[in-house]
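Here is the structure we will look at, set down as structure tokens.
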Number of protein chains: 2
Amino acid sequence: MKFRKSKQREKILEVLKNTNCHPTADWVYDQVKKEFPNLSLGTVYRNLKILRQQGKIKKIEHGSTYDRFDAVTNEHYHFICEKCGQIIDFKLEINKEMIDKIEEQLNCTTTRQKFELYGLCGECGG
Amino acid sequence: MKFRKSKQREKILEVLKNTNCHPTADWVYDQVKKEFPNLSLGTVYRNLKILRQQGKIKKIEHGSTYDRFDAVTNEHYHFICEKCGQIIDFKLEINKEMIDKIEEQLNCTTTRQKFELYGLCGECGG
DNA sequence: TTCTATGCAAAAAGTTTGCAGTTAA
DNA sequence: TTAACTGCAAACTTTTTGCATAGAA
């Protein structure tokens with residue numbers, strides 16, 4: 001794949017580099033629009049895709065674009081296959097001291113944790 | 001909130017109880033449609049919402065319906081305040097042996113982990 | 001009888017794509 | 001000169017909502 005330079009793409013990357021708020025495409029659009037008033041959202045999405053292909057940014061993945069539901073009520077965590085989207089449950093004892101340490105450090109109290117692993121399942125070449 | 005009984009809702013819960021594949025709304029729709037051929041997707045979504053309000057099922061959350069992007073490359077995790085919505089980054093050394101054990105158990109390879117804490121931040125009474 | 005649940009279809013929300021014109025190399 | 005990039009708008013995908021009717025309590 002060949003890429004040319006584009007002012008819009010450079011600005012999009014710059015905006016992303018200068019924030020740690022994990023923005024949405026729309027937020028990026030609003031920022032970059034200040035400099036390129038005719039910018040379109042489609043261009044932002046296309047460039048976000050290209051920047052990912054170039055390995056310069058990451059999309060914060062959640063496996064699938066569909067909502068998924070779960071009637072299993074006991075405490076468990078999820079492994080999500082990045083290829084086939086399959087979700088596999090696993091159990092785990094979360095280290096309580098680790099949580100305590102973070103609570104102290106951030107001066108907060110936590111009520112629940114989410115712990116998810118992403119990768120390839122057995123069938124997809126794990 | 002008051003709820004009445006409904007055959008469709010009962011069937012939706014039954015279908016969810018009898019699978020461990022964390023289905024999408026559409027998959028549930030296809031299953032339940034076998035018994036209720038006039039079923040509509042809207043009804044499935046509405047009942048999934050009600051079942052969540054009743055605490056009978058969970059939606060596998062990914063925080064927001066928007067894709068989010070990140071050009072910050074170093075590894076970090078998030079504490080999310082359930083009152084004010086603030087997100088605070090923290091660093092953590094994830095126990096590698098723990099991951100190895102899960103990989104072996106599930107026969108998968110993991111490329112990344114998501115570890116999120118939810119609760120109250122200092123300002124909100126943490 | 002009352003009001004929640006339903007089916008249907010239209011709208012909303014978020015993302016992708018086709019097209020004709022622009023621009024980097 | 002050529003083919004990647006752009007803006008615009010339409011299409012697409014997933015979820016929500018409005019409305020009239022059916023059905024549980």
Side-chain angles (χ1 to χ4, degrees), chain A residues 1-16 21-71 80 82 84-87, chain B residues 1-16 21-70 85:
Chain A
M1 219 160 292
K2 266 183 196 159
F3 302 109
R4 291 180 182 173
K5 220 186 252 194
S6 108
K7 303 247 192 279
Q8 287 88 335
R9 181 147 72 239
E10 281 169 4
K11 185 68 186 173
I12 288 170
L13 182 57
E14 186 196 317
V15 161
L16 276 168
C21 80
H22 312 277
T24 61
D26 201 61
W27 188 91
V28 173
Y29 172 66
D30 283 342
Q31 302 304 306
V32 179
K33 206 175 170 62
K34 290 173 190 165
E35 191 159 315
F36 301 89
N38 294 325
L39 184 71
S40 82
L41 238 193
T43 295
V44 172
Y45 276 107
R46 270 187 289 234
N47 277 310
L48 288 170
K49 191 176 211 169
I50 289 171
L51 288 168
R52 273 203 288 155
Q53 287 168 359
Q54 298 177 335
K56 292 180 182 165
I57 65 167
K58 283 184 180 168
K59 182 165 156 184
I60 301 178
E61 303 271 0
H62 34 255
S64 132
T65 60
Y66 294 82
D67 282 347
R68 309 190 70 130
F69 299 89
D70 193 349
I80 295 143
E82 290 180 313
C84 70
Q86 184 184 188
I87 299 177
Chain B
M1 218 161 291
K2 266 182 194 159
F3 301 110
R4 292 180 182 173
K5 221 186 249 193
S6 107
K7 303 245 191 282
Q8 286 88 336
R9 183 147 70 237
E10 281 169 3
K11 186 66 187 175
I12 287 170
L13 182 57
E14 186 196 317
V15 161
L16 275 168
C21 80
H22 308 91
T24 62
D26 201 62
W27 187 91
V28 173
Y29 172 67
D30 283 342
Q31 302 304 307
V32 178
K33 206 175 168 63
K34 290 173 190 165
E35 191 159 315
F36 301 89
N38 294 326
L39 184 70
S40 83
L41 239 194
T43 296
V44 172
Y45 276 106
R46 270 188 286 236
N47 277 310
L48 288 171
K49 191 175 210 169
I50 289 171
L51 288 168
R52 272 203 290 156
Q53 289 169 356
Q54 297 177 336
K56 292 179 181 165
I57 66 168
K58 282 185 180 165
K59 182 165 156 184
I60 301 178
E61 304 272 2
H62 34 253
S64 133
T65 61
Y66 294 80
D67 283 347
R68 308 192 73 127
F69 300 88
D70 195 350

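Residue numbering restarts at 1 for every chain, and letters A, B, ... go by the order of the sequence lines. The shown structure was predicted, so the numbers you read here are calculated from the model rather than taken from an experiment. Note: hydrogens, waters and symmetry copies are ignored here, and every other heavy atom, side chains too, is used.
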message: Using a distance-only criterion (donor-acceptor N/O pair, under 3.5 Å, no hydrogens), is the base of C:dC3 paired with the side chain of B:Arg4?
response: yes
task: Tell whether B:Arg9 reaches the base of C:dA5 with its side chain through a donor-acceptor pair below 3.5 angstrom.
output: no
Spacing of [X] atom [atom1] relative to [N] atom [atom2], expressed in whole Å:
{"X": "A:Asp26", "N": "C:dA12", "atom1": "CG", "atom2": "P", "value": "17 Å"}
{"X": "A:Phe36", "N": "D:dC5", "atom1": "CZ", "atom2": "P", "value": "15 Å"}
{"X": "B:Lys49", "N": "D:dT16", "atom1": "NZ", "atom2": "C1'", "value": "7 Å"}
{"X": "B:Lys2", "N": "D:dA24", "atom1": "NZ", "atom2": "P", "value": "18 Å"}
{"X": "B:Arg46", "N": "D:dA22", "atom1": "CZ", "atom2": "C1'", "value": "13 Å"}
{"X": "B:Phe3", "N": "D:dG23", "atom1": "CZ", "atom2": "P", "value": "21 Å"}

- request: Work out which heavy atom in A:Leu39 is nearest to a heavy atom in A:Lys33; give both atom names and the distance.
  value: O-NZ, 3.6 Å
statement: Heavy atoms of A:Pro23 and A:Val28 approach each other most closely as CB-CG2, 4.1 Å
query: Run the side-chain contact (heavy atoms from CB on, under 4.5 Å) check on A:Val15 and A:Lys11 step by step: do they pass?
result: CA-CA 6 Å; A:Val15 161; A:Lys11 185 68 186 173; 4.2 Å; yes
field: Closest-nucleotide 5' rank along DNA chain D - winner of B:Lys7 and A:Lys7
entry: A:Lys7
message: Need to verify one output field. Residue with the more 5' nearest nucleotide on DNA chain C, A:Gly42 or B:Ile50?
response: B:Ile50
message: Using only atom types and a distance under 3.5 Å, with no angle test, would you say the side chain of B:Arg9 pairs donor to acceptor with the backbone of B:Arg46?
response: no
